[in-house]
Amino acid sequence: MELWGRMLWTLLSGPGRRGGTWGWAFSSWQPHSPLAGLSSATELVRHWTGVFEKRGIPEARESSEYIVAHVLGAKTFQSLKPILRTQPLTPQQLKCIQELSSHRLQRMPLQYVLGEWDFRGLNLKMVPPVFIPRPETEELVEWVLEEVARRSHTVGVQGSPLILEVGCGSGAISLSLLSELPQSRVIAVDKEAAAISLTRENAQRLQLQDRIWIVPLDVTLEGSWTHLLPWGPVDLVISNPPYVFHQDMEQLAPEIRSYEDPEALDGGEEGMDVITHILTLAPQLLKDFGSIYLEVDPRHPELVSSWLQSHPDLYLHLVAVRRDFCGRPRFLHIQQSGP
C-alpha cells in the first residue's frame, strides 16, 4: 500500500463519536428530501461528502467515494468507468449506499463498513470485532519476505519455511506470506473464535486453505505450546501481538474502542504481556537459529532487549530493529542462538 493509502487508513479509522446518528441519517432518506432527486454516482458522492463533513467524519470525500465505488463493484471511485459515474443508480444501489453511509456516520471504521479491505493486494473479509490489520503490518510482512529471500541466497535454503503466526486475526499476515512464498506452510493460532473463523474463511476465499493449519490456542496458558509440537519445529515465528500500554487504551479513538476487540490491543501495563509469552514459547518450537519477527510499540525495543538479557536461558537475542514509514522503531527481529 502506498503512503497516501496508509495515511488514508489512519484518517478513515480516526477518532470520533459513536451513537446518536442513526435516526438522523435515515431521516434524510425521505421521498421529498434533497436526496430523493439524486441518481448518479457523482451526485451521491457529492451529497454524502457534504453530510460527512457536516457530521465531522474524517476524510469525508474519500469515505463517500469508497462507499459508492464499493456498491458499484469497484475498488476506488477513480477506477469507475466514466459512464458509471453519471448513469442513474438502481433503487437497490441507492438503498445500499444509504445503509453503508449510515454505518460510517456511526463512526464505524470503513473496513467494517465495506466488509472487506485489501492487504498487500489480497482482498480480505473484515468483520467486527476482529482486529483490522494496519498499514504498518504490511511492512512487517515485507521485512520477513526480504529476510527469507536473503537467507535463501546466502544459506542455500529454499523459500519454503514453516511459519507460526501468533494472533492471526483476519489472517492478513499468514495469507500474505502464503501467497508470496508458494512453497511455505503456516500454522496460524488465535484464542478468539471469531478470528479463527475469519482466518479460515479468508483462506478459503483466496484458495490457500491447503497450506495453512488454523488452530484455536491461547499462548498465555501454561503448556499451550505442546499442542503445536505435532507440526514439528518452525523456521519463523511472526506476530503483531496486543502491545498497547494499558494506560494508553483510553486514548485510542472511540470508534476503535467501540468496534475492535480490546484484547487484540491491550498488552498490559507495559504492553509486554503477550510479547513475553511469545518469547518464552518460541524456543520450544523454533528450529536451530530460527527467527522471531514482532510488531511492537516504539517504546518496546529497549524493553524487549532488557527482558531478553534478563532471560539468558532462552538463548534469544535481539539482532535488528526496523523503523516504520513514519520513522518509529516498530519491528523486531529476534534470533535463537543456542540450545
Side-chain angles (χ1 to χ4, degrees), residues 1-13 59 62-63 65-81 84 109-127 130-152 158-161 163-165 167-188 190 195 197-212 214 236 238-240 260 264 293-295 322-326 330-331:
M1 185 180 289
E2 299 297 332
L3 180 58
W4 71 267
R6 292 165 172 156
M7 300 307 295
L8 175 61
W9 187 99
T10 303
L11 291 166
L12 288 172
S13 300
E59 294 297 301
E62 285 78 3
S63 293
E65 287 182 343
Y66 267 113
I67 288 171
V68 172
H70 176 76
V71 172
L72 294 179
K75 292 290 184 186
T76 65
F77 191 77
Q78 290 69 28
S79 67
L80 283 173
K81 295 179 180 179
L84 292 178
L110 190 65
Q111 294 86 347
Y112 289 156
V113 172
L114 302 182
E116 63 180 22
W117 199 250
D118 282 3
F119 183 89
R120 290 187 59 85
L122 299 182
N123 183 254
L124 301 173
K125 181 178 178 179
M126 295 286 157
V127 294
V130 179
F131 183 75
I132 299 169
R134 270 58 176 175
E136 291 91 339
T137 308
E138 298 192 22
E139 295 183 283
L140 175 63
V141 172
E142 181 64 31
W143 192 19
V144 171
L145 291 171
E146 290 173 5
E147 289 299 310
V148 170
R150 182 189 62 80
R151 180 171 170 79
S152 297
Q158 297 302 311
S160 56
I163 302 165
L164 169 65
E165 183 190 1
C168 56
S170 65
I173 292 175
S174 289
L175 298 175
S176 292
L177 292 171
L178 285 174
S179 69
E180 299 191 54
L181 296 171
Q183 298 179 31
S184 64
R185 295 167 296 146
V186 168
I187 307 162
D190 203 294
S197 176
L198 186 57
T199 293
R200 184 172 289 116
E201 183 171 352
N202 279 326
Q204 292 170 346
R205 281 160 57 103
L206 298 168
Q207 298 184 342
L208 294 169
Q209 68 273 18
D210 293 341
R211 290 190 289 125
I212 184 171
I214 304 166
L236 305 173
I238 184 169
S239 183
N240 175 19
E260 291 191 75
Y293 292 89
L294 300 175
E295 179 177 328
R322 186 153 168 161
R323 295 179 180 272
D324 63 19
F325 57 85
C326 291
R330 179 69 67 183
F331 314 109

Problem set entry | Contact summary for Ser184 and Arg211, nearest pair of heavy atoms | O-NH1, 2.8 Å
For this session: Please examine the side chains of Glu295 and Glu139, heavy atoms only from C-beta on, and report whether any two atoms are closer than 4.5 Å.
Result: no
Exercise. Hey, are the side chains of Glu65 and Thr76 touching, using non-hydrogen atoms and a 4.5 Å cut-off?
Worked result: no
Exercise. So do the side chains of Ile212 and Ser174 get within less than 4.5 Å of each other, counting heavy atoms only?
Worked result: yes
For this session: Any chance you could measure Leu72, atom CG, to Lys81, atom NZ, to the nearest 0.5 Å?
Result: 12.5 Å
For this session: Could you walk me through whether Trp117 and Leu124 pass the side chain to side chain contact (heavy atoms under 4.5 Å, CB included) test, one step at a time?
Result: CA-CA 5 Å; Trp117 199 250; Leu124 301 173; 5.9 Å; no
Exercise. What pair of heavy atoms forms the shortest contact from Ser179 to Ser176, and how long is it?
Worked result: OG-O, 2.8 Å
For this session: Tell me, please, which residues at least two apart from Asp190 pass side-chain hydrogen bond (donor to acceptor under 3.5 Å, both in side chains).
Result: none
Exercise. Would a distance-only check, ignoring hydrogens and angles, find a side-chain to backbone donor-acceptor pair under 3.5 Å from Arg185 to Gln183?
Worked result: no
Exercise. Got more than 12 heavy atoms from elsewhere within 6.0 Å of CD, Gln204?
Worked result: yes
Problem set entry | Point-to-point distance, once rounded to the nearest 0.5 Å, from CD of Glu142 to CD of Glu147 | 11.0 Å
Exercise. At their closest point, which heavy atom of Leu140 faces which heavy atom of Tyr293, and how far apart are they?
Worked result: CD1-CB, 4.1 Å
Exercise. Should Arg120 and Glu180 count as an ion pair when the cut-off is N to O under 4.0 Å?
Worked result: yes
Problem set entry | Side chain to side chain, Val141 and Val144, heavy atoms closer than 4.5 Å | no
Exercise. Do the side chain of Tyr112 and the main chain of Val130 share a donor and acceptor less than 3.5 angstrom apart?
Worked result: yes
Exercise. Between Phe119 and Leu175, is any pair of side-chain heavy atoms under 4.5 Å apart?
Worked result: no
Exercise. If we only count heavy atoms from C-beta on, is the Ile67 to Leu110 side-chain gap below 4.5 Å?
Worked result: yes
For this session: Compare every heavy atom of Leu178 with every heavy atom of Leu208, then report the nearest pair and how far apart it is.
Result: O-CD1, 4.1 Å
Problem set entry | Spacing of CG belonging to Asn202 relative to OG belonging to Ser197, to within rounding of 0.5 Å | 9.5 Å
Exercise. What distance do His70 atom NE2 and Leu114 atom CG have between them, rounded to the nearest 0.5 Å?
Worked result: 5.0 Å
Problem set entry | Test side-chain hydrogen bond (donor to acceptor under 3.5 Å, both in side chains) applied to Gln209 - qualifying residues, sequence neighbours left out | none
For this session: Might you point out which heavy atoms bring Leu80 and Ala74 nearest each other, and give the distance in Å?
Result: CD2-CB, 3.6 Å
Problem set entry | Charged N-O contact under 4.0 Å between Arg322 and Glu146 | yes
Exercise. When rounded to the nearest 0.5 angstrom, what distance separates CD1 in Ile214 from CD1 in Ile187?
Worked result: 12.0 Å
For this session: Please confirm whether the backbone N or O of Asn123 pairs with a side-chain atom of Glu116, one donor and one acceptor, at under 3.5 Å?
Result: no
Exercise. Do you know the tightest heavy-atom contact between Gly171 and Thr199?
Worked result: N-OG1, 3.2 Å
Exercise. Below 4.5 Å, heavy atoms only, C-beta onward: do Leu177 and Leu236 meet side chain to side chain?
Worked result: no
Problem set entry | Test item: Arg330 and Phe325 side chains (from C-beta on) under 4.5 Å apart, heavy atoms | no
